[in-house]
Amino acid sequence: MKLTVNGTAHEVDAPPDMPLLWVLRDLVGLTGTKFGCGMAQCGACTVHLDGTAMRSCVTPAAAAADKSVTTIEGLSPDGSHPVQRAWAELDVVQCGYCQSGQIMSAAALIATNAKPTDADIDSALSGNLCRCGTYLRIRAAVHRAAELSKA
Amino acid sequence: MNDLSNASRRKFLKAGAVVGGGLVIAFTVPLARRFAGGGEATPAAPATAPAANAFLRVGSDDSVTVLIAHSEMGQGIWTALPMLIAEELDANWSRVRVEHAPAAPVYAHTVFGMQMTGGSSSTWSEFERYRQAGATARALLVQAAAKQWGVAPADCRVENGVISSGSHSARFGELAEAANALTAPEKVALKEPKDWKLIGKATKRLDTPEKITGRAIFGMDVKFDGLLTAVVARPPVFGATVKSYDAAKAKALPGVRAVVQVPSGIAVVADHFWAAKQGRDALAVEWDLGPNAKLDTAALKAEFQRLADTPGLVAAEAGDPAAALKQAARTLKADYHVPYLAHAPMEPLNATVKIDPDRCEIWAGTQFQTLDQMVAAQITGLKPEQVQIHTTFLGGGFGRRATPTSDFVSEAVHVAKAAGQPVKTVWTREDDVRGGYYRPAYLHRVQIGVDDKGMPSAWQHAVVGQSILVGTPMEPMMVKDGIDATSVEGVADSPYLKGIAAHRVDMHSPKTGIPVLWWRSVGHSHTAFVMEGLIDELALAAKQDPVAYRRALLKDHPRHLGALNLAAEKAGWGTPLPKGHARGIALHESFGSIVAQVAEVSVQDGSIRVHRVTCAVDCGIAVNPAGIVAQLESGVAFGLSAALHSRLDFQEGRVQQSNFHDYVVLRLGEMPQVDVHIVPSTEKPGGVGEPGTPPVAPAVANALAALTGQRLRELPLRLA
């Protein structure tokens, strides 16, 4: 199966129903995308498929075959995406395990909504759980990322 | 900079380039003798020679690498301990790097005597040791500079990683090699608090860059050539055992390499997780369900209620509460309940194990390195020092990664041993939710008598719930006369009870077959809900303001009063609120810190909405105020999950919940505004990882009582 991840083409030997998450983590070797629930309940596995946020734990690899996959590793070459800069500025992370998914959901939101409201953010990121409870900072950082995107 | 030092720098850099890792200074510092927790340190750390480079390395590239003896699980110890070293070292903060220390006796907890992270104790227990490490390194570097320049050490200044004296100046990296050759002084003086530059300054986390780019390595992310992945079929009922199994279908799946039996169940070992998971699902296992096949939450509750009316072990006693109850003007009788809870850290449990003839390597996000090492040594037949533990970042801990049985690590060792190959054993979310080691369910049955002014004059309190410590290696140390202090902490030592002449706390520790464990704030996770709910009930019954009522009861506890008053003031206690909103307050001491919280709530379409939580924390010296604020926010969110949503139920021996759709935790849209105010203090540091959790459930329940008149005495909170 051919897969384009972060701009690089990969040939992977995966059964078509194998979730994209495990193809990325165990076959391509990109471990930034996390396993949290396996049933699209927590959002830790969020990646972009042609720019749209998807839960890779329930997305069969076959569904990604002709699409461009972006993972946290490919969001920016050096952590300089506005969402990543905002996350650093507001000291968002704690344990950090959910943050790849949070950041990917946030990046997809501000790509289509230049000035999200609190309600927009709560709705777009309601599928991303954080047990450390960094939610307040996440909300503030999405606003900040939207500002940084305009600059 | 003069020619000599330039030449030296070139030489050093060259030498550094040759060895690859830069030059290091290696030294150790002795265990501090007296600690914030009180009492003498357990001399449990073996007297063997401590490992070199124990706490920090100064590289020829000017980097200062701090080895942290504790596990970073979100609480920010990756930043707080380096701050302690950098403070005394006068290091350039931007050059500070951090690594998890290996598992070795030298890294034993200064109070608990084994390498571990828990009890909100890392900062206060290391407050002396890490500062001493920094001061020792500073003294060595200064000595090296003074010798090189022919000046007195006292004439050298250190600032931002640079040592200077007159016209001389050198960076740490230029002096590292020379410093390495010197003998560490026996005693070093620590800075006076007035001279602190970093301690007390809000400092951003050092682990952010890797955690926002996907580079951070959690246990789940460990990989190397030849590593296989296992998923284990565990018993559907605690204590069940494998009667028989058929692995034919599993073995036929592509990618499945082996199916092995281990003490905890049947492990399917495969090339990758997905194959292992498919294989596990294809197993046909017949279980002998054992004695817990009828476990049922409702039956347990009834049994707890029966026990509550029988005499238990006495955890606290003063006066004659039975007589005082008879003389009381009025009495209050109430039952409070909390359910079993899973920790549900975002990273499901996992551990990676590679066994060679002469050593066993373990990669894990663990809170209990020493026990893991001992258990792995037993399983492999190796010596503990032949077991190397690589601590990764923890995708949340909350206590779950601190198991006295080393459950998830020992299982992974068994799997790797049985498979004869390096294996990462991975739990699914369902495995995690159903895998036991829960916060125990508790019943509190309380009878309180009040005088004619509505103040408590008699207090009889029965606590019923499983002991966490009984049956663990910690039992001899931490259970006295059958009393597991963690079951009654926050009640037996409550400042409210101390002021009531007639009181008694009975405890019962029934055995149920359900594995239980400390869950962020341990006993305080239920006792604060009970005590602060009851005090609020008494205040309302006495028609008194809940803050004023608490002030009267806590008049001899100035630190409690300080936190209470600050929270009330910052929350605007008593000022008008939007229609349909109400405030509630709660105050609780735990882990050496006192936290007061005011919750502002409303009810919308029958659902509880928490709009704002105003926190005041007295945690003594605030080492990193930014970390404290973050931990209080975190504690509130964790406590709100339990206050509003989470519960585990048993029917026919089986846990009814399985994943985040039915084991519900807080989501972004439910997160209230949290304002954190730190009480200025020069007292010894207290913990901050846990103390933010206990007060939030009672603060919300008390606000709901004010708003609706309904007194909710069970978690999660459900309005009638």
Side-chain angles (χ1 to χ4, degrees), chain A residues 14-15 17-19 21-23 25-27 29-39 41-42 44 71-73 75-76 78-79 81 83-85 87-89 91-100 103 118-119 121-123 125-139, chain B residues 72-76 204-205 207-218 220-221 223 229 254 271-275 277 343-348 393-398 426 428-430 626 630-631 633-638 640-641 659-661 665-674:
Chain A
D17 64 341
M18 182 167 170
L21 169 66
W22 297 108
V23 173
R25 289 182 55 85
D26 287 353
L27 302 184
L30 293 172
T31 56
T33 307
K34 302 303 186 199
F35 167 54
C37 70
M39 56 185 293
Q41 286 292 310
C42 81
T71 70
I72 184 74
E73 291 92 342
L75 190 61
S76 69
D78 53 0
H81 186 282
V83 172
Q84 290 167 315
R85 279 155 56 205
W87 247 244
E89 196 178 307
D91 220 16
V92 171
V93 310
Q94 290 193 21
C95 90
Y97 193 79
C98 74
Q99 298 295 349
S100 298
I103 288 169
D118 276 353
I121 297 168
D122 288 0
S123 159
L125 274 76
S126 69
N128 289 85
L129 291 178
C130 171
R131 287 290 278 153
C132 300
T134 62
Y135 294 133
L136 273 180
R137 290 164 194 249
I138 287 173
R139 202 186 284 144
Chain B
E72 174 57 53
M73 48 189 176
Q75 84 280 38
K204 283 192 180 178
R205 301 179 65 99
D207 53 357
T208 291
E210 53 263 60
K211 287 181 174 177
I212 60 174
T213 51
R215 294 200 318 268
I217 298 300
F218 298 86
M220 194 70 92
D221 305 328
K223 59 182 178 190
T229 301
D271 289 339
H272 49 71
F273 172 88
W274 187 244
K277 164 79 164 51
H343 306 69
M346 289 309 300
E347 180 193 13
F393 281 121
L394 282 66
F398 316 120
V426 175
T428 65
R429 175 59 57 193
E430 290 81 3
Q631 280 313 290
E633 290 172 4
S634 176
V636 165
F638 203 79
L640 274 180
S641 283
N659 204 318
F660 290 123
H661 65 290
V665 299
L666 201 76
R667 288 183 184 271
L668 175 63
E670 302 171 299
M671 183 72 189
Q673 182 60 42
V674 180

- Smallest separation among heavy atoms of B/Q75 and B/R205, with atom names: C-NH1, 4.3 Å
- So, the part of B/Q673 with a heavy atom under 4.5 Å from chain A: the answer is both
- Item | Pairs of heavy atoms under 4.5 Å with chain B: top-ranked of A/A14, A/A88, A/A44, A/S100 | A/A88
- Considering only heavy atoms and a distance below 4.5 Å, find which of A/G79, A/C37, A/S123, A/G32 pairs most often with chain B. A/C37
- For B/S634 and B/A630, indicate whether the former's side chain and the latter's backbone hold a donor-acceptor pair under 3.5 Å. no
- Checked A/C42, A/C98, A/P19, A/A119 vs chain B; the most non-hydrogen pairs under 4.5 Å come from A/P19
- Message: If I measure from the heavy atoms of chain B, does A/L125 come under 4.5 Å with its side chain, its backbone, both, or neither?
- Response: both
- Task: Would you name the heavy atoms of B/L668 and A/R139 that are closest together and state the gap between them?
- Result: O-NH2, 2.9 Å
- Below 4.5 Å from any heavy atom of chain A, which atoms of B/M73 appear? Answer side chain, backbone, both or neither. backbone
- Task: Please state whether the side chain, the backbone, both or neither of A/I121 comes within less than 4.5 Å of a heavy atom of chain B.
- Result: both
- Query: Contact part of A/S126 toward chain B, heavy-atom cut-off under 4.5 Å: side chain, backbone, both or neither?
  - Reply: backbone
- Query: Under a 4.5 Å heavy-atom cutoff, which of A/R137, A/Q99, A/E73 has the most pairs with chain B?
  - Reply: A/R137
- Could you look at B/F393 and say if it's the side chain, the backbone, both or neither that has a heavy atom under 4.5 Å from chain A? neither
- Can you tell me how far the CD1 atom of B/I212 sits from the NE2 atom of A/H81, to the nearest 0.5 Å? 11.5 Å
- Note on the structure: From the list B/Q631, B/R215, B/E430, B/R429, the residue making the most non-hydrogen contacts under 4.5 Å with chain A is B/R429
- Between A/Y97 and B/G395 the two heavy atoms that sit nearest each other are CB-CA, 3.7 Å
- Message: Quick check: closest heavy atoms across B/P345 and B/F398, and the distance to 0.1 Å?
- Response: CA-CE1, 3.8 Å
- Query: Who among A/G96, A/G127, A/G133 has the most heavy-atom pairs with chain B under 4.5 Å?
  - Reply: A/G96
- What are the two closest heavy atoms between B/L394 and B/E347, and how far apart are they? C-OE1, 3.8 Å
- Under 4.5 Å from a heavy atom of chain A, the part of B/A275 involved: neither
- Below 4.0 angstrom, N of the basic side chain to O of the carboxylate: do A/D26 and B/K223 qualify? no
- Please flag which part of B/S641 lies under 4.5 Å from any non-hydrogen atom of chain A: side chain, backbone, both or neither. side chain
- Note on the structure: Here the pair of heavy atoms bringing B/L666 nearest to B/E670 is CA-OE1, 3.4 Å
- Query: What part of B/P672 is in contact with chain A, defined as an atom under 4.5 angstrom from a non-hydrogen atom: side chain, backbone, both or neither?
  - Reply: backbone
